[in-house]
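Structure, as structure tokens:
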Amino acid sequence: MDSRRKKFDDTANEHNRFCKQVGRVWLYHILSFLDLEPDALSGHFEPRKVQTLIDFCAENPEYHIISCNDHKIYNKYIPNANCYYLADGDQDPDLLFDFSMRLSVDELLQIGHAKFSPILGQIKHGRDS
């Protein structure tokens, strides 16, 4: 296996563990049940909606905000981040996930594209037979 692909797989696995540890709430229907409307099916919120998350977390202290900025995911609220998520797990504000520690952003995108484009192609053409 290409060493970059192994790093990609390791990074993806570490990201998954981080999200599970902090309890990232990403399912749209769960967020809708909580009367929150994310900006995408992945559960992310644009900065214009962060006040809604702040208010929600103030009323529901078992939840907290995750901030994404500059290829890093912070387990706390960071003003002016690129996007935000709701979480219900470990609230340690020192937890951090940094995508760029192992691979550059270009490498992550190239390997991810090479790895997933055949799968997406099969899905897209699955009804052709």
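Nearest heavy-atom pair across Lys76 and Pro93 is CD-O, 3.6 Å. The two atoms that bring Gly89 and His64 nearest to each other are O-CE1, 3.7 Å, heavy atoms only. The nearest pair of heavy atoms linking Gln91 to Pro61 is NE2-O, 3.1 Å.
A donor-acceptor distance shorter than 3.5 angstrom exists from the side chain of Asp90 to the backbone of Asp92, with no hydrogens or angles considered. Between the side chain of Glu37 and the main chain of Tyr28, no donor-acceptor pair closer than 3.5 Å is present. Between the side chain of Asn16 and the backbone N or O of Ala12 there is no donor-acceptor pair closer than 3.5 Å.
With rounding to the nearest 0.5 Å, the separation of SG in Cys83 from CD in Glu46 is 7.0 Å. To the nearest 0.5 Å, the span separating CH2 on Trp26 from CD1 on Ile66 amounts to 13.5 Å. From Ser67, atom OG reaches atom CG of Asn82 across 10.0 Å, with rounding to the nearest 0.5 Å. Rounding to the nearest 0.5 Å places CG of Leu31 at 8.5 Å from CG of Leu53. Rounding to the nearest 0.5 angstrom, the gap separating the CG atom in Asn75 from the CD1 atom in Ile65 is 11.0 Å. Residue Gln21 holds its CD atom at 10.5 Å from CD of Glu14, rounded to the nearest 0.5 Å.
The side chain to side chain donor-acceptor pair (under 3.5 Å) check on Glu59 picks up nothing, with sequence neighbours excluded.
Using a 4.5 Å cut-off between side-chain heavy atoms of Ile, Leu, Val, Met, Phe, Trp and Tyr, with links allowed through other members, Leu41 and Leu27 fall into different hydrophobic clusters. Grouping the Ile, Leu, Val, Met, Phe, Trp and Tyr side chains by contacts below 4.5 angstrom, directly or via other members, places Ile54 with Phe56. Taking hydrophobic clusters as Ile, Leu, Val, Met, Phe, Trp and Tyr residues chained together by side-chain heavy-atom distances below 4.5 Å, Leu34 shares a cluster with Val50.
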### Task
Take Glu62 and Asp88 through the side chain to side chain contact (heavy atoms under 4.5 Å, CB included) test and state the conclusion after the steps.
CA-CA 6 Å; Glu62 66 272 22; Asp88 64 0; 5.6 Å; no
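Annotation: Asn13, atom CG; neighbour count of heavy atoms from other residues, nucleotides and ligands within 6.0 Å is above 12.
Centroid-to-centroid, the aromatic rings of Tyr84 and Tyr77 come within less than 6.0 Å. Aromatic rings from Phe45 and Tyr85 are positioned such that their centres are separated by 6.0 Å or more.
Between Asp39 and Arg48, the closest side-chain pair of non-hydrogen atoms falls below 4.5 Å.
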